[in-house]
Amino acid sequence: MIHNSTIDTQLNHKSIRKFKDITLNHEQLETLYTVFSRTATSMFMQNASLLHITDEAKKQKIQELCGQKYVGAEGDLFIFIVDLYRNQQIRKQLNKDDGRVHTTDIFFQAMEDTLLAFQNVANAVESMDLGYVPLGTINDHPLQMLKTLDLPKLTFPVLGMQVGVPDQEPQLKPRLPLKFICFEDSYPKDSDVKDLKDYDQVVTTYYDLRDSNRRIDSFTKQITGAKLNNHETDRDQLVKELHQQELCLD
């Protein structure tokens, strides 16, 4: 296997949930903004935007909606946004109709732009000896989050990212062995859950020995647990909220 500074950083990624009380300086922010802007983009539409949240009241509200104390606390909070509003306004001001900006196809392209930008920024963050944690919880209460961020139609928050100087050193979380996730030419449809026995034991050992939030758990236990069991959440309204934002209408 090839090793270099970039690959080794990626292979040693750990989500950081505790940061020192230090915010990013101008040079660091400008670097992350520029990395964001240089991400690959579908059809050169550049359908992504980045919000840096500095308003204390807004950070507090976002923290409440996410239900995680580290969100908006120490470090810096960013929100990665699908943005079709900008291009709609360009078309409008140049006397063109909305065209395809309301379609699911264009939304997916914008989603791809936004997720690629997220990972690009994440790699840059860790290359500067900073840490981050992805915040999928910004979609736990989509309607309230849209109101809090005061976003226009044709935009939607996809992921948040809390960034800062790490104040913890968590253990490396074990991932599925490559044979279960990487395939040649065709997808295997005859997998047996019994084959995950060894990996389950690795995960159980990880949870038992890690420094914080120890518990008895395994991978298959998580997959068969409450997260994927039938229950209603505000996230079930995501499609409705996308439509209210005039996204994915066709």
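Because the structure is predicted, anything quoted here is derived from the model rather than measured.
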Any side-chain to backbone donor/acceptor pair from [X] onto [Y]? Under 3.5 Å, distance only.
{"X": "R86", "Y": "A48", "answer": "yes"}
{"X": "E246", "Y": "K153", "answer": "no"}
{"X": "N25", "Y": "Q28", "answer": "yes"}

Kindly indicate, with the supporting measurements, whether the criterion side chain to side chain contact (heavy atoms under 4.5 Å, CB included) is fulfilled by L32 and M128. CA-CA 10 Å; L32 296 183; M128 295 190 290; 3.5 Å; yes
So, for [X] and [Y], which heavy atoms are closest and what is the spacing to 0.1 Å?
{"X": "I16", "Y": "P170", "value": "CD1-CD, 3.8 Å"}
{"X": "I138", "Y": "P157", "value": "CD1-CB, 3.8 Å"}
{"X": "K59", "Y": "T54", "value": "CE-O, 3.9 Å"}
{"X": "Q10", "Y": "N123", "value": "NE2-ND2, 3.6 Å"}
{"X": "N139", "Y": "R235", "value": "O-CG, 3.1 Å"}
{"X": "G75", "Y": "T23", "value": "O-CG2, 3.9 Å"}

Got a second to check how far [X]'s [atom1] is from [Y]'s [atom2], nearest 0.5 Å?
{"X": "Q119", "Y": "F80", "atom1": "CD", "atom2": "CZ", "value": "9.5 Å"}
{"X": "E241", "Y": "D234", "atom1": "CD", "atom2": "CG", "value": "9.0 Å"}
{"X": "K14", "Y": "E126", "atom1": "NZ", "atom2": "CD", "value": "10.0 Å"}
{"X": "M111", "Y": "T104", "atom1": "CE", "atom2": "OG1", "value": "11.0 Å"}
{"X": "T155", "Y": "N47", "atom1": "OG1", "atom2": "CG", "value": "12.0 Å"}
{"X": "K61", "Y": "H141", "atom1": "NZ", "atom2": "NE2", "value": "9.0 Å"}

Heavy-atom check, side chain of [X] versus side chain of [Y], under 4.5 Å:
{"X": "D8", "Y": "S5", "answer": "no"}
{"X": "T233", "Y": "H231", "answer": "yes"}
{"X": "N12", "Y": "L172", "answer": "yes"}
{"X": "I7", "Y": "M1", "answer": "yes"}
{"X": "D217", "Y": "V203", "answer": "no"}
{"X": "L51", "Y": "L149", "answer": "yes"}
{"X": "T148", "Y": "L65", "answer": "yes"}
{"X": "E30", "Y": "H26", "answer": "yes"}

[X], [atom1] atom: more than 12 neighbouring heavy atoms under 6.0 Å:
{"X": "I181", "atom1": "CD1", "answer": "yes"}
{"X": "K147", "atom1": "NZ", "answer": "no"}
{"X": "F108", "atom1": "CZ", "answer": "no"}

So the side chain to side chain donor-acceptor pair (under 3.5 Å) pairs with at least one residue in residues 189-198 (sequence neighbours excluded) are none
Under 4.5 Å between side-chain heavy atoms, hopping through other hydrophobics if needed: is there a path connecting [X] to [Y]?
{"X": "V133", "Y": "L11", "result": "no"}
{"X": "I53", "Y": "F36", "result": "yes"}
{"X": "Y206", "Y": "L176", "result": "yes"}
{"X": "L238", "Y": "L151", "result": "yes"}
{"X": "I79", "Y": "L146", "result": "yes"}

Does the side chain to side chain contact (heavy atoms under 4.5 Å, CB included) test come out yes or no for L247 and T103, once each step is laid out? CA-CA 7 Å; L247 297 163; T103 65; over 6 Å; no
Working for side chain to side chain contact (heavy atoms under 4.5 Å, CB included), residues H102 and L154: CA-CA 8 Å; H102 300 281; L154 290 168; 3.6 Å; yes
[X]-[Y] side chain donor-acceptor pair, cut-off 3.5 Å:
{"X": "N120", "Y": "T39", "answer": "yes"}
{"X": "D200", "Y": "T220", "answer": "yes"}
{"X": "Q171", "Y": "Y207", "answer": "no"}

Which residues pass the side chain to side chain donor-acceptor pair (under 3.5 Å) test with Q244, not counting sequence neighbours? none
For R38, enumerate each residue passing the side chain to side chain donor-acceptor pair (under 3.5 Å) test, keeping only those at least two apart in sequence or located in another chain. none
State which residues pass ring pair (Phe, Tyr, Trp, His ring centres under 6.0 Å) with F219; sequence neighbours excluded, sorted by chain then number. Y199
Apply ring pair (Phe, Tyr, Trp, His ring centres under 6.0 Å) to H52 and list each qualifying residue two or more places apart in sequence or on a separate chain. F78
Only distances under 3.5 Å count here; give the side-chain donor-acceptor pairs of residues 161-168 to other protein atoms, sequence neighbours excluded, each with its distance to 0.1 Å.
unit_1: Q162; atom_1: OE1; unit_2: G72; atom_2: N; d: 2.9
unit_1: Q162; atom_1: NE2; unit_2: E74; atom_2: O; d: 2.9
unit_1: Q168; atom_1: OE1; unit_2: R17; atom_2: N; d: 2.7
unit_1: Q168; atom_1: OE1; unit_2: K18; atom_2: N; d: 3.4

Taking side chain to side chain contact (heavy atoms under 4.5 Å, CB included) as the test, write out the residues that go with [X], two or more places apart.
{"X": "L159", "answer": "L115, F118"}
{"X": "T137", "answer": "C66, Q68, L135, D140"}
{"X": "S42", "answer": "Q109, D113"}
{"X": "D97", "answer": "R91"}

Salt bridge (Lys or Arg N to Asp or Glu O under 4.0 Å) filter on D105, not counting sequence neighbours, yields R100
List the steps and the verdict of ring-ring contact (aromatic ring centres under 6.0 Å, His included) for H13 and Y132. CA-CA 9 Å; H13 164 70; Y132 76 93; 4.9 Å; yes
Which pairs with one or both residues in residues 145-190 pass ring pair (Phe, Tyr, Trp, His ring centres under 6.0 Å), sequence neighbours excluded? F183-Y187
